[in-house]
Number of protein chains: 2
Amino acid sequence: MPDIADVTMIDLLRAVADPIRLRIVQTLADGLRHGKCGTHWDFGVHKSTMTHHFRILRQAGLTRTVVAGRTHSIELRRDELDARFPGLIDALAATAGVSSPATAHGPAPRSG
Amino acid sequence: MPDIADVTMIDLLRAVADPIRLRIVQTLADGLRHGKCGTHWDFGVHKSTMTHHFRILRQAGLTRTVVAGRTHSIELRRDELDARFPGLIDALAATAGVSSPATAHGPAPRSG
DNA sequence: TTGACGGTATGACGGATGTCCAACAATCTG
DNA sequence: CAGATTGTTGGACATCCGTCATACCGTCAA
C-alpha cells in the first residue's frame, strides 16, 4: 500500500477507469468494510481476476486490506484520498454514471 | 461529438487516465478556447499523436472542436459535464496531481 | 498554380491490460 | 491429519493503447 503522498492522480484515474474497479470504488464509498468474497462481488469474472482488480486498487492507493483469519476485507482510504484529491471520490461515487441520464427513460426513481 | 447523455463515467475516466490528456483537460479547465497547434502543446510527441489524443477527448464527450480557417481550437464542454458529472471536472482540475506532495502541506492558501 | 501551414487518416509496432486456468498457501472444521 | 473455504501467484493469451511515420486534405499566401 503506497504512501498517499506518492499517489498521483494518473495512478488513481487509471485504477478507476475500469468498469469493475469503478463499481468497487463506488460501493466502498459508503465508508464500510467489504469482504473480497466472491459472493459479495458478482461481476461474472474469475476469482483470480478479482484478486487482480483488488491489487490494482490497493497499489493505486485507493484501498486498504484488512485480513481476519481466512477472510480479507477492503475499505477505501477515504480520509487520505479526500485530503489529497478533494472532491474526487465524491464525484466518482456520484450516481451519474450509474443512473440514467435525464432524457433516457431508465428505472423510475420510485419515490416511495 | 457524442450526446452528453450517452457519455458514461467510464468513457470519461478512460479519456483522462493518460498523462497528456489529463494535462490537456486541466489546461482547458480555464474555460478558454485553446488551439491544437503544436506550439501550444509541447508534450514531445508526434503531431499525429496529438490528433489521436484530441480525438479521444472529443469522442469521450469532454471537448468540443471549433474550426476557423486552417486552425482548429478545442474547449471543454464544461456546462454539460458539470451537469452530468457534478464536481468531477473541478476535482480533476485541482492542482493536487500537479503540485509537489513532498511536504504534504499542500499549496499555501495564500489568504491575499 | 505552386508552395507553406495546420491538421487528419491509415498502417504498423511494442508494451500494457484484462481474462482465464492451474497450482499453491493459509485458515478453519472434523 | 484430511478436507473445505478463501484468496494469491504465475503463466498464457487475446486485445487494447500510445506512439511513430507516411501520406493525404483544406486553407492561406505569392
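Note that the structure is predicted; figures quoted are calculated from it, not measured. Just so you know, these numbers use all the heavy atoms, side chains as well, and skip hydrogens, waters and symmetry mates. Naming convention: chains lettered A, B, ... in sequence-line order (proteins, then strands); numbering from 1 in each chain.
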* SB check A:Asp30 A:Arg78 (cutoff 4.0 Å) ->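 Looking at A:Arg78 together with A:Asp30, the answer is no, because their closest N to O distance does not fall below 4.0 Å.
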* Asked: Does B:Thr49 put a side-chain nitrogen or oxygen below 4.0 Å from OP1 or OP2 of D:dC20?
  -> yes
* C:dA9 phosphate, OP1 or OP2: any side-chain N/O from B:Arg55 under 4.0 angstrom? ->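 So the side-chain polar atoms of B:Arg55 do come within 4.0 Å of the phosphate oxygens OP1 or OP2 of C:dA9, strictly under.
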[N] [atom2] sits how many Å from [X] [atom1], rounded?
X       : N      : atom1 : atom2 : result
B:Asp11 : D:dC17 : CG    : P     : 11 Å
B:Met50 : D:dC17 : CE    : C1'   : 16 Å
B:Asp18 : C:dT17 : CG    : P     : 12 Å
B:Arg21 : D:dC17 : CZ    : P     : 9 Å
A:Trp41 : D:dG7  : CH2   : P     : 12 Å
A:Ile56 : C:dA16 : CD1   : P     : 13 Å
A:Arg14 : D:dC16 : CZ    : P     : 19 Å
B:Phe54 : C:dA9  : CZ    : P     : 14 Å

Please tell me which of the listed nucleotides, [options], lies nearest to the side chain of [X]?
X       : options               : answer
A:Val45 : C:dC20, D:dT8, C:dT8  : C:dC20
A:Arg70 : C:dC28, D:dG18, C:dG7 : C:dC28
A:Thr71 : C:dT19, D:dG7, D:dT19 : D:dG7

* **Aromatic plane relationship, B:His34 with B:His40 - under 30° parallel, 30 to 60° tilted, over 60° perpendicular** =>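 If you compare the ring of B:His40 with that of B:His34, the planes turn out perpendicular.
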* Touch class at under 4.0 angstrom, heavy-atom based, for A:His72 against every strand present ->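 Counting heavy atoms under 4.0 Å across all strands, the contact made by A:His72 is with sugar-phosphate only.
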* Remember a base hit wins even if backbone is also touched, and classify A:His52 as base, sugar-phosphate or nothing at under 4.0 Å, heavy atoms. => base
* Structure fact -> Taken to the nearest 0.5 Å, the spacing of B:Ile74 CD1 from B:Phe54 CZ works out to 4.5 Å
* Asked: About how many Å separate SG of A:Cys37 and CE of A:Met50, when rounded to the nearest 0.5 Å?
  -> 10.5 Å
* To do: Classify the side chain of A:Lys47 versus the base of D:dG7 as yes if they form a donor-acceptor pair under 3.5 Å and no if they do not.
  =>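 Present.
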* Check: B:Ser48 side chain, D:dA21 base, donor-acceptor under 3.5 Å -> yes
* Check: B:Leu92 and A:Leu13 side chains under 4.5 Å, non-hydrogen atoms ->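 A:Leu13 reaches B:Leu92 side chain to side chain.
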* To do: Please tell me which of A:Gly44 and B:His46 maps to the more 5' nucleotide of DNA chain C, matching each residue to the nucleotide holding its nearest heavy atom.
  =>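 Its nearest nucleotide lies further toward 5', so the answer is B:His46.
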* Structure fact -> Of B:Gly35 and A:Gly69, the one whose closest nucleotide on DNA chain C sits nearer the 5' end is B:Gly35
